[in-house]
Colleague: 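Structure below; questions to follow.
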Amino acid sequence: KDLSVNVLAGATVGGGTRVNWCASFPTPAHVREEWATKHGLPEFSGPRYERALAAVCGRGGVSTGVAPHSNHNACLGAGLDALGEHRGEIPRNCANAGDCGGCCVGCATGEKNDTTHTFLADAVAAGAFILAGAHAEKVLLEKKGARGRGRKAVGVVATAMAGPLTADAPKKARGAAWRLVIRAPIVVAAAGTMHTPALLLRSGVKGKGWVGKNLRLHPATMVYGRFPAGYAGQCPSTGPASKTGSPADPSGAIKMFEGAIMSTFSKESADWAGTGYGPMLMTPSMHPSGFSATTPWRGSDAAK
């Protein structure tokens with residue numbers, strides 16, 4: 001009713017790549033075309049962007065071939081097959097076997113190829129130093145930037161969430177937040193879709209009013225289903241064994257917090273009026289806390 005949208009963001013090393021659902025679709029052709037023509041960014045429709053996508057997907061190990069599908073993903077696939085509607089497998093940046101169901105809240109095994117286990121690990125291997133638990137306050141700017149720009153970035157001011165904890169640190173400084181000033185010849189603002197514009201605005205970078213103006217949120221709405229006990233293992237012709245593999249849980253129980261977290265999707269309706277835009281259907285991992293946070297309140301009995 002109030003147009004509010006929950007935004008899942010990762011305040012940790014690796015950021016949003018640590019808490020996403022592993023879905024790794026390449027940028028769709030219709031989106032790239034819109035960026036290139038409507039927004040005057042022809043680079044997105046050229047071969048350099050293709051190579052960049054291939055490089056990122058390659059380092060992230062993006063692939064298909066889940067075996068087996070979790071029961072809730074297998075059920076979705078079986079339903080789509082029964083209706084004769086499009087069913088596809090989501091390309092993902094994590095292992096395709098033995099998923100524990102916890103990838104969406106950070107991977108404990110290292111099988112999810114998020115930024116922490118790929119590009120940041122590469123950077124550390126090359127000699128980079130990572131400071132965790134710090135908040136970037138602003139980018140340091142000096143006058144006379146390159147290529148006719150009025151200013152150039154020369155560093156970052158950050159606040160560490162906790163001060164020095166060593167025994168020889170002054171008593172009043174132990175555990176207290178402390179400020180860092182980092183000077184660098186190159187500064188990259190990579191604070192995610194939500195925080196990068198905020199960081200730039202705090203730094204006095206306004207881009208003639210364009211900073212943050214093109215932010216778009218991708219809404220997702222939930223539809224919940226309650227299935228009979230053992231439903232997922234009912235029958236090869238009607239249950240999830242139909243084309244999508246045997247149930248991950250032989251009991252047939254549909255537990256949305258176990259198995260491959262997101263692997264089946266449908267784009268049957270994802271093309272309104274030939275625009276390429278429209279709803280996609282998929283079923284994510286849903287742990288009890290996430291379920292309770294997104295379920296309408298109908299009283300304590302219904303919630304239980």
Colleague: Between Arg216 and Glu34, does at least one N-O distance fall below 4.0 Å, as a salt bridge requires?
Modeller: no

Colleague: Does His287 have more than 12 heavy atoms from other residues, nucleotides or ligands lying within 6.0 Å of its NE2?
Modeller: yes

Colleague: Enter the distance from Glu111:CD to His117:NE2 here, rounded to the nearest 0.5 Å.
Modeller: 10.0 Å

Colleague: Taking the cut-offs as 6.0 angstrom to the six-membered ring centre and 45 degrees off its axis, would you call Lys213 and Trp210 a cation-pi pair?
Modeller: yes

Colleague: Sequence neighbours left out, what passes side chain to side chain contact (heavy atoms under 4.5 Å, CB included) with Leu131? Give chain and number order.
Modeller: Phe129, Ala134, Leu180

Colleague: What verdict does the ring pair (Phe, Tyr, Trp, His ring centres under 6.0 Å) test give for His86 and Phe265, after you've listed the backbone C-alpha separation in whole Å, the side-chain angles of each residue and the deciding distance to 0.1 Å?
Modeller: CA-CA 8 Å; His86 169 265; Phe265 82 104; 5.4 Å; yes

Colleague: Would you call Met280 and Met282 a side-chain contact if the rule is heavy atoms closer than 4.5 Å?
Modeller: yes

Colleague: To the nearest 0.5 Å, what is the distance between OG on Ser4 and CG on Leu217?
Modeller: 11.0 Å

Colleague: Answer yes if Leu76 and Phe257 sit in the same cluster of Ile, Leu, Val, Met, Phe, Trp and Tyr residues linked by side chain heavy atoms under 4.5 Å apart, and no otherwise.
Modeller: no

Colleague: Would you say Leu201 and Leu215 are hydrophobically clustered, going by side-chain heavy atoms of ILVMFWY under 4.5 Å?
Modeller: no

Colleague: Salt bridge or not between Glu43 and Arg32? Use side-chain N to carboxylate O under 4.0 Å.
Modeller: no

Colleague: Taking all non-hydrogen atoms of both residues, which atom of Arg151 and which atom of Val205 are closest, and how far apart?
Modeller: NH2-CA, 4.1 Å

Colleague: Quick check: is Val19 connected to Val105 through a chain of hydrophobic side chains (ILVMFWY, heavy atoms under 4.5 Å apart)?
Modeller: no

Colleague: If we only count heavy atoms from C-beta on, is the Thr17 to Asn93 side-chain gap below 4.5 Å?
Modeller: no

Colleague: Look at the side-chain heavy atoms of Ile, Leu, Val, Met, Phe, Trp and Tyr, link any pair under 4.5 Å apart, and say whether Ile261 and Phe25 land in one connected group.
Modeller: yes

Colleague: Hey, are Thr159 and Glu137 close enough side-chain-wise for a donor-acceptor pair under 3.5 Å?
Modeller: yes

Colleague: With heavy-atom distances below 4.5 Å as the criterion, would you say the side chains of Pro42 and Trp35 are in contact?
Modeller: no

Colleague: Applying the 4.5 Å side-chain criterion to the ILVMFWY set and letting contacts propagate, would Val187 and Val157 be lumped into a single cluster?
Modeller: no

Colleague: Is Leu281 close to Glu268 at the side-chain level, that is, under 4.5 Å between some pair of heavy atoms?
Modeller: no

Colleague: Could you walk me through whether His69 and Ser263 pass the side-chain hydrogen bond (donor to acceptor under 3.5 Å, both in side chains) test, one step at a time?
Modeller: CA-CA 7 Å; His69 289 266; Ser263 57; 2.8 Å; yes

